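What follows is a set of notes on a single structure, which appears directly below.
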Amino acid sequence: MSKSQSFPKPPVAKQVPHERVFHNDVFIDPFEWLRNKQSSDVQQFVREENAYTDARMAPLNGLTDTLFDEFKSHIQETDMSVPTRMDGYWYYARTQEGKQYGTQCRMKVSDPADWTSPQINADDAPGEIPGEQVVIDANVEAEGHDFFQIGGMDISKDGQWLLFGVDTSGDERYDFRIRNINTGEMLPDELNGICGACFTPDARYVFYTLLDEAQRPYLIKRHKVGTPVSDDVEVYRELDEKFWVGIGVSFDEKHLVIGTGSKTTSEVLMLPVSDPEGEFTPFIPRHEGLEYDVSFATFEGAGADGGDLPVAIVYHNANNPNFEIDVIDMSKYAAPYAIGDGVCIASGSPYGSEDGDAVIAGASQLPVGTPYSDPRNPEILQGARGLAIEGIALHKHFVALSYRADGLTHLAVMSKKQATQDFLNNRPWQFSEVAVPELDGDWDVRAKHDANNADEAINPHCLQGFAGSAARLYSIGTAGNPSYEAPRMRYMVTSYTRPGELRELDPNTGEDVLLRRAKVLGDFDARNYVERRIWVTARDGEQVPASLVYRRDVPHTNMPTFVIGYGAYEISSDPGFSVSRLSMLDRGVLYVVPHVRGGGEMGRAWYEMGRRLNKKHTFEDFIDVTRAVQDCGMADVARTVANGGSAGGLLMGAVANMAPDRFAGIEADVPFVDALTTILDPSLPLTVTEWDEWGDPLHDAATYRYMKSYSPYENAPLPSVSKSESGSTVAHWPDGREVTAFPKIFITTSMNDSRVMVVEPLKWVARLQSAGLDAIIRIENEAGHGGISGRYKQWRQICSENAWVLSCMGLTR
């Protein structure tokens, strides 16, 4: 069992028994007093914990400096994004060496027919180039603030007015202002402490969202620019506490759109922008369990009289748990609309889903990865496994389809002319898969990487699924397409070790042009790194995908290993490049991502299998993947460290309790570790909205018992009444067993976190330390759920955390 035996000693938190009684169950919580973060006792405890962590981390300052220098050596600090055209301007972001934040700039479009991005020198200071205009400089706005975050920007159609919000505490409540971009004039209108806001295109009105005391976006108001805020009008109030609400302008800029939804139900309400003081009406009335979204487009020249044909594109799950896309001919149907009014052009797989039998008899009992075919689907979707439809975008010249299959994102495209013909002729749309251009001289996944690292030395169980895997594991999706008129589609592609690329594809000619590849300085070469997808058989027989990343030229046995996971809210842990990861990989670390149930990697069924009364699958999958790479000989058990944040922090707390002998260390960021206590209290932020995710333990005894069986805080080790012969504390599990192994724990949190309140990690570290276990916590005073702000501060914090991770692996240089 890992213990801290060195000076200084951890703080000693006082214990004040607090009784929690629900469903005839009594839980005595000695650290509930830490909930009152304003009390002097709690603030003193926070100071003591931070001082203890600083002392414990001090020996790693040199390694942190080394990692920070390595990080910076790869970064192009003075840089800029590729300009994006919108409403007569090219917009782009600049960063400058030595400055914490970015600067948003723009230049006027010189030729309306020219859609080629202008070439701009990134080394010039913002605003120095003739014709360049600074829209907003976050460095200026952040002056005098320890924390700064822009919480949304909107620009009027004529490009004159900027609406922007800022947060200077980390509580995700933003103060919005209106500024004349050309003159710098700031209007007196102030919308303070709100969630978000948008202009009408003419900037005469602002519609904005307010938060209730539980941090739930629940109310939409209308503000007429130039009038007192006290005269603002309420236009929508969401009464159901399980629902969040937000507002924006439709892609075609013809409607104001209110979207409101819970974890399982959604509704869209609309109002023409030509009538901003009118009444919002539902596009499709709310039905429990129905999730949908809607956008609008036009099939140019496709109307009966040769005019344009207006269509609505509805993305919904009424007939399929993995969603389908319907296109409604709005010349044939009148509002309010209903599911079934349109023609289905793409449908996801029902296999493995709770409601799959409503689509195909017996579908719910079939494996998630069963190949799926539907005659309505495009040819490229036939036979896909874990097929989930994720969205579609119709532009004037092209149509883009996003979907998920085999645990990875996919993108397909076709010309608008072809889509129009397919729609009018009622036939499957003829999409083409967007193939990622190969990296010159890349390795072959089927070849041996090095004669000294023969794969046959590794247990074949770990290698299941390697044969035929993609050479790299890509994330792909549309990016930077705000204009309906754009003739070409921009998209982003990246992998774990291939830096992100912004590309532009002409669907009519097939020409694919690289606009920008993320700069990685130094001797970096993506071909030095391997990415592979494996499929591990979990304890219940489900096949769980996992991603492995490592250097080609290091021994592939008994490797120090970093395992990272999330697994909640149907959020997928997709491949993405990270500069900070390079320092780990270059030290011979094996990077592992178990794509556990509870996420969305294999569609809605994957999510359903890891939520509510199935939540333990998330933890078991993570442990089973970790065991697989350890037992096959790739990962060294004594040098395996895990990491996860927020709901992934819950995962970290759970696996520490369930498989403590499999991890040398665990880093838990803003961890949701006192889940049951939080979800029992409907007065706390976000609790009621979370019942759809975790279950409702307040009203359901079975859910209460299930959550109590895994909630990390109350299942963590406790100190024994007696001590060992040496006088040190002896930890034991709640059932009385002695703790013989437990990983080192590093926790990060923020005092102003409005999603996972600071009390949860504070209670957890107090309990672990009271049991004599090695646990430290870093508590930020000026930060929120996403941590501190400012890129240099963020980089150093990442490097400090990675130094702790590497130290657990015995890699201290």
Side-chain angles (χ1 to χ4, degrees), residues 406-409 439 442-450 452-475 494-498 526-538 543-567 572-578 580-596 599 601-602 621-637 639-644 648 655 662-664 805-806 809 811:
D406 289 312
L408 292 169
T409 56
L439 189 65
D442 208 359
W443 41 262
D444 184 350
V445 72
R446 292 170 295 276
K448 303 299 183 187
H449 304 312
D450 190 296
N452 297 321
N453 297 308
D455 286 343
E456 55 263 25
I458 301 172
N459 188 323
H461 169 75
C462 186
L463 300 179
Q464 183 176 350
F466 274 14
S469 296
R472 293 192 184 274
L473 305 173
Y474 287 110
S475 292
T494 186
S495 81
Y496 288 111
T497 58
R498 185 171 173 180
R527 293 167 297 186
N528 290 333
Y529 305 91
V530 176
E531 305 175 41
R532 283 186 163 180
R533 171 60 54 86
I534 63 172
W535 296 82
V536 173
T537 303
Q543 294 293 301
V544 178
S547 300
L548 306 186
V549 189
Y550 49 95
R551 278 193 67 101
R552 295 179 62 188
D553 56 357
V554 301
H556 301 160
T557 56
N558 295 319
M559 303 171 73
T561 301
F562 190 52
V563 193
I564 187 168
Y566 187 74
S572 300
S573 298
D574 289 322
F577 185 80
S578 166
S580 65
R581 187 187 303 132
L582 295 179
S583 290
M584 286 194 178
L585 296 176
D586 289 345
R587 285 170 170 79
V589 173
L590 169 65
Y591 184 85
V592 182
V593 184
H595 300 285
V596 297
E601 285 87 342
M602 296 289 285
D621 289 353
F622 190 90
I623 294 167
D624 291 347
V625 169
T626 301
R627 282 178 174 157
V629 294
Q630 290 172 342
D631 293 349
C632 77
M634 289 192 74
D636 183 351
V637 177
R639 295 189 294 166
T640 298
V641 181
N643 173 241
V655 301
R662 290 288 175 167
F663 303 95
V805 169
L806 290 171
M809 300 174 180
L811 303 173

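Index from 1, following the sequence. Keep in mind it's a predicted model, so treat the numbers as computed, not measured.
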Side chain to side chain, P545 and L408, heavy atoms closer than 4.5 Å
no
Validation row: I564, Y591 side chains within 4.5 angstrom (heavy atoms)
yes
Treating E531 as the side-chain partner and S547 as the backbone partner, does any N or O pair qualify as donor plus acceptor under 3.5 Å?
no
With the side chain counted from C-beta on, respond yes when V592 and M634 share a heavy-atom pair under 4.5 Å apart, and no when they do not.
no
With a 4.0 Å cut-off, would you call R662 and D631 a salt bridge?
yes
Verdict with supporting geometry, T497 and V549, side-chain contact (heavy atoms from CB on, under 4.5 Å)
CA-CA 8 Å; T497 58; V549 189; 3.5 Å; yes
If you compare all heavy atoms of A546 against all heavy atoms of P594, which two are closest, and at what distance to 0.1 Å?
CB-CA, 4.0 Å
Decide yes or no on side-chain contact (heavy atoms from CB on, under 4.5 Å) for T537 and Q543, but give the supporting numbers first.
CA-CA 5 Å; T537 303; Q543 294 293 301; 2.7 Å; yes
Can you name the nearest heavy-atom pair linking E601 to V596, along with the distance?
OE1-O, 4.1 Å
Side-chain donor or acceptor of H556 paired with backbone N/O of R551 under 3.5 Å:
yes
For I534 and V536, which heavy atoms make the closest approach, and how far apart are they?
CD1-CG2, 3.8 Å
Please report the closest heavy-atom contact between A635 and L590, naming both atoms and the distance.
CB-CD2, 4.3 Å
Within the 3.5 Å criterion, strictly below it, is a donor on H595 or S572 matched to an acceptor on the partner's side chain?
no
Is it true that a side-chain atom of S578 and a backbone atom of L582 form a donor plus acceptor pair closer than 3.5 Å?
no
If I take atom OG from residue S580 and atom CG from residue L585, how far apart are they, to the nearest 0.5 angstrom?
9.5 Å
Which heavy atom of V589 sits nearest a heavy atom of M809, and at what distance?
CG2-SD, 3.8 Å
Mind running side-chain contact (heavy atoms from CB on, under 4.5 Å) on D406 and R533 for me, showing each step along the way?
CA-CA 10 Å; D406 289 312; R533 171 60 54 86; over 6 Å; no
T626 vs T640 side-chain heavy atoms within contact, under 4.5 Å:
yes
Stepwise, does the side-chain contact (heavy atoms from CB on, under 4.5 Å) test hold for F622 with V544?
CA-CA 9 Å; F622 190 90; V544 178; over 6 Å; no
Whether the side chain of R581 engages the backbone of Y496 through a donor-acceptor N/O pair (distance < 3.5 Å, no angle test) should be reported.
yes
Between N558 and R639, what is the shortest heavy-atom contact and its length?
O-NH2, 2.8 Å
Under 4.5 Å between any side-chain heavy atoms of Y550 and R532, yes or no?
yes
